[in-house]
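Take a look at the structure below.
Quick caveat: nothing in here was measured; it's all calculated off a predicted structure. Convention: sequence-line order gives letters A, B, ...; per-chain numbering from 1. The basis for the numbers below is simple: all heavy atoms, side chains too, and nothing from hydrogens, waters or symmetry mates.
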Amino acid sequence: MSESSNKYDFTTIEAKWQQHWEAARPYKVTVDSDRKKYYVLEMFPYPSGRIHMGHVRNYTIGDVIARYKRMRGFNVIHPMGWDAFGLPAENAALKRGIHPAAWTYDNIAYMRDQLKAMGLSYDWDRELATCDPSYYRWEQLIFLKMLEQDLVYRKETTVNWCDSCATVLAREQVIDGCCWRCDEQVTPRIMHGWFFRITEYADELLADLETLKGWPDKVVTMQRNWIGRSHGLSCDFPIEGSHEKLTIFTTRPDTIFGVTFMSIAVEHPLVDTLVAGTEFEQEVRDFVRKTIAEKQRKSVDEELEKHGVFTGAYCVNPFTSERIPIYVANFVLMEYGSGAVMAVPAHDQRDFEFARKYDLPVRQVIVPPGHDTASDALEEAYTEPGVLIDSGEFSRMDSEAAKLAIINHARDHGIGRRATTYRLRDWGISRQRYWGAPIPIIHCADCGIVPVPEKDLPVVLPGSDDPNGSHAPLHQQEDFIRTTCPTCGRPARRETDTMDTFVESSWYFARYTCPDFMDGPLDPDQTGYWLPVDQYIGGVEHAILHLLYSRFFTKVLRDLGYVAIDEPFKNLLTQGMVIKEGRKMSKSKGNVVDPNDLIQRYGADTVRLFSLFAAPPERDLEWNAQGVDGASRFLNKVYRLVQANKTVFAGAPTVQNLDGLDTYSRNLHRKTHQTIKRVTGSIETNFHFNTAISAVMELVNMAAGLVNENRNIDPAVLRECCETTLLLLFPMVPHFCEELWQQTGHNHTMDTAQWPTFDAEAARENSITIIVQVNGKVRSRLEVDSDTDNETLERLALADERVMKFIGAGKPKKIIVVQKKLVNIVI
RNA sequence: GCGAGAGUGGCGGAACUGGUAGACGCACUAGACUUAGGAUCUAGCGCACUAUGUGUGUGGGGGUUCAACUCCCCCCUCUCGCACCA
């Protein structure tokens, strides 16, 4: 046998089919209301230069699903595009002296070729790049519509500033106190910025998590925690000798009789008025200054020791009329609740520590159920619910009832109200960089903030159509800034912030349905048919950022009338990382595997097959070079099997008469149908392609074994086996299967082939193995007819020679017979 | 600290609603065919021992059950997320 017939020539074959797909465009789709649609989407890549193994894995998984669903008869939309705005382009531009646009489009061209070399079945006619004005002009329009609906606003706040990126970050983009992109320490800074009112949708974002049955629990939980809704009481404590009052939020109104002091944040607006002109002023101001500096400096995992100083001021507990001293404390967050906390040291561990440190009273007002007096001395705060004591009219109520009663009391007396707070903050979208979508706003000295009229959109990024154009941050580009006010016509200045790139990725999946639509952001005829995304696939690292923003945007687009769905992604698959030597691949660790090298050496199909086989999709995948050899070996084995039996394809009839088959043929026929069942099951239940591939391997091993042993397998059975193998493998290794399909005389390409169905009767085993246990230990096996009844099984088991040896002369205490499984004899 | 997930051969991983633990692949060992083999084929491959048999074994310890990788309780380790959220 010559070399060439022994191994398949992946280079030639893959090029051939890629050319075919390029020319015939079998993956181009249009709306077809007679067919059920299926939208498969992988998170689109940032065009960083070249694809990496994570992309290979992600896109392979998506491609298998797309191809599989096509074979199941769905009208499958499977698009690809580029998350093309972002900072690396600017950095690269500075380093290499080329324009960010040029750098980005070069990368896109290169990476597009790489994706095509993987044989991914995208509808390339839908490709989009978010840095293209034809995309971001609609984003600008959406921004303006949101502004009209008061979902966008501008405010001055403390923001997270990343020095190295020279821009602001949203809270979600700060990871362990560092920038999510460059890992540099983030520092607070006070700036103007634009915000999306995502908190307006907090309740819906939370409630609709319940509808996301197709999402991993982990992601749902992460989002729920991120939104962090809590219910409680907002209550006013009048400040002594002042008209001001201190408003606090608590989730434990039942402990309000145990308040012994107040803690307020160093940034609290009342700090100044409380201490101005008092003997405490100096000390408090020093403390505030010191603490703010400390917070900036603080590294992530160090929890600051609790400190505070007395302001000299008192407020009054509206429930007890007691005087309550007010402290400024370093552990109170201004960003959450109202920046002021009622301190109940007996029932809150932080307050307890603080009280211990500054020798403040601890007053128990909750005791464990069944107790009715306070314990002598607490060693730590009692934070569980319980029964109220020393709480006036609320004494003896349990915590839950008391919470309600106290909230109602506060409401009835005008001192407080039921309140809900969220951990979620509004989404700050302003970025002070160049390579992003300009925010379409004009600042006029007379008219204030004026939206750019719709007819003037897009506000094109200056210089982006000129390779020598400036790519300085917009606030440095005077020509861009100078404009006239659309309202009064006087000279005015353009907004220079660009939008966070997460804005682009929050609606791209919708634009894929109508990438060329010119009359608005989205074409209702297209979105109505294609949305939502049926299966979304990407890394779990986007569990909060991208997925939460996209959910928010979907709801906004719905309320603006652009889409008719509530949630963008029906099912979500979060795939694990590709690791090597137990660690994430990274240049610094020198353990990076380059997809290009692999594809050249093994071909795309082998790379695809291995990345599917080595682990189930949701787990991390350990890259193993020898494992890739194994995948390659398997494909060659299939190749040889098909090549050696090409003749059976020519005229073999379909399998009809089972009775006429010899044992070997019957076994192979059965195995074929069992394999269809197993593969279909693996894909349908959880996309566990690793077990699907194992099943096909077993089938191929059996067929190749029988052929090697020169069993004269019935041609119809052998043909069925080989064709089934190709059909089952096609979604995973498409070039390879198409080639063999064609070589074996099929007139139509596999793109139009149907997924095989299994015949339950053919798959049924007629003899089964029954396990015989004595006291739970396996002692023997019985080969019996599959419909042997339980009494017979018991009789056969007891008569078994090996079993008899173990049960001896005694009479069995108990015999358990499990249908078609086992017999357990207890002695 | 809180929350979620995971611990199975030398390795990646299988095991349906409790019912043969280790499918499939890699690595390894022996053999066959070969000028050659990083090709192919055959056989073996958890561990231990008094080896054609017995014991033992799914992070550790208890429990439920005729029967536990699977269910319950306690503990250990790792990964991820959150982290003074009042």
Discussion item. Tell me whether the rings of A/Tyr327 and A/Tyr358 are parallel (<30°), tilted (30 to 60°) or perpendicular (>60°).
Written reply: tilted
Report each atom pair, protein N/O against N/O of nucleotides 54-59 of chain B, whose distance is under 3.5 angstrom.
residue: B/rG55; atom: OP1; partner: A/Arg779; partner atom: NH2; Å: 3.2
residue: B/rG55; atom: OP2; partner: A/Arg779; partner atom: NH1; Å: 3.1
residue: B/rU56; atom: OP2; partner: A/Lys777; partner atom: NZ; Å: 3.3

So which protein nitrogen or oxygen atoms get under 3.5 Å of nucleotides 61-63 of chain B's nitrogens or oxygens?
none

Item to complete: Could you work out the separation of B/rC82 and B/rG60 based on their P atoms and round it to a whole Å?
Response: 32 Å
Fill in: B/rG46 to B/rA23 separation - P atoms, rounded to the nearest Å
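9 Å, rounded to whole Å.
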Under-3.5 Å N/O pairs linking protein and nucleotides 69-74 of chain B:
none

Response to the item:
Applying the Watson-Crick and G-U criteria (both distances under 3.5 angstrom) with [ ] for crossing and | for other-strand pairs, one obtains for RNA chain B (((((((..(((......[....))).(((((.......))))).((((...))))..(((((..]....))))))))))))....
Discussion item. Taking 4.0 Å as the cut-off, does a side-chain nitrogen or oxygen of A/Lys814 come that near to OP1 or OP2 on B/rC66?
Written reply: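 For A/Lys814, the contact criterion (side-chain N or O under 4.0 Å from OP1 or OP2 of B/rC66) is met.
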Practice prompt. Ignoring backbone atoms, test whether A/Arg224 places a side-chain nitrogen or oxygen under 4.0 Å from the OP1 or OP2 oxygen of B/rG3.
Written response: no
When you check the side-chain N and O atoms of [X] and [Y], is any donor under 3.5 Å from an acceptor?
X        : Y        : answer
A/Thr724 : A/Thr672 : no
A/Lys637 : A/Asn701 : yes
A/Ser399 : A/Asp254 : yes

Item to complete: Would you mind reading off the distance between A/Leu424 atom CG and B/rA83 atom P, rounded to a whole angstrom?
Response: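 My rounded result for the distance is 12 Å.
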Fill in: Results of salt bridge (Lys or Arg N to Asp or Glu O under 4.0 Å) for A/Lys580 - residues two or more places apart only
none
Discussion item. Applying a 4.0 Å non-hydrogen cut-off, can you work out what A/Ser230 is touching in the nucleic acid: base, sugar-phosphate, or nothing?
Written reply: sugar-phosphate
Discussion item. Mind checking if A/Val540 touches a base, just sugar-phosphate, or nothing, with heavy atoms under 4.0 Å?
Written reply: nothing
Worksheet item: Can any side-chain N or O of A/His347 pair as donor or acceptor with the backbone N or O of A/Tyr382 at less than 3.5 Å?
Response: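 It does hold such a pair.
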Worksheet item: Is there a donor-acceptor pair under 3.5 Å between the side chain of A/Tyr422 and the backbone N or O of A/Thr199?
Response: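 A pair under 3.5 Å: no.
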Item to complete: Syn or anti for B/rA36, please, going by whether the chi angle lies within 90° of 0.
Response: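 Anti conformation for B/rA36.
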Item to complete: Decide, for B/rG10, between syn and anti: a glycosidic angle within 90° of 0 counts as syn, anything else as anti.
Response: anti
Discussion item. Can you say whether a donor on the side chain of A/Lys306 sits under 3.5 Å from an acceptor on the base of B/rC84, or the other way round?
Written reply: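 Result: at least one qualifying N/O pair found.
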Worksheet item: Once each nucleotide of nucleotides 9-27 of chain B is scored for protein heavy atoms under 4.0 Å, what B/S/- sequence comes out, 5' to 3'?
Response: ---BSS-B--BBS-BBSSS
Discussion item. Tell me whether A/Glu380 is salt-bridged to A/Arg356, with the criterion being a basic N under 4.0 Å from an acidic carboxylate O.
Written reply: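 Salt bridge: no.
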Worksheet item: Checking side-chain hydrogen bond (donor to acceptor under 3.5 Å, both in side chains) for the pair A/Ser611/A/Arg57: CA distance, chi angles, key distance, verdict?
Response: CA-CA 6 Å; A/Ser611 64; A/Arg57 188 179 192 199; over 6 Å; no
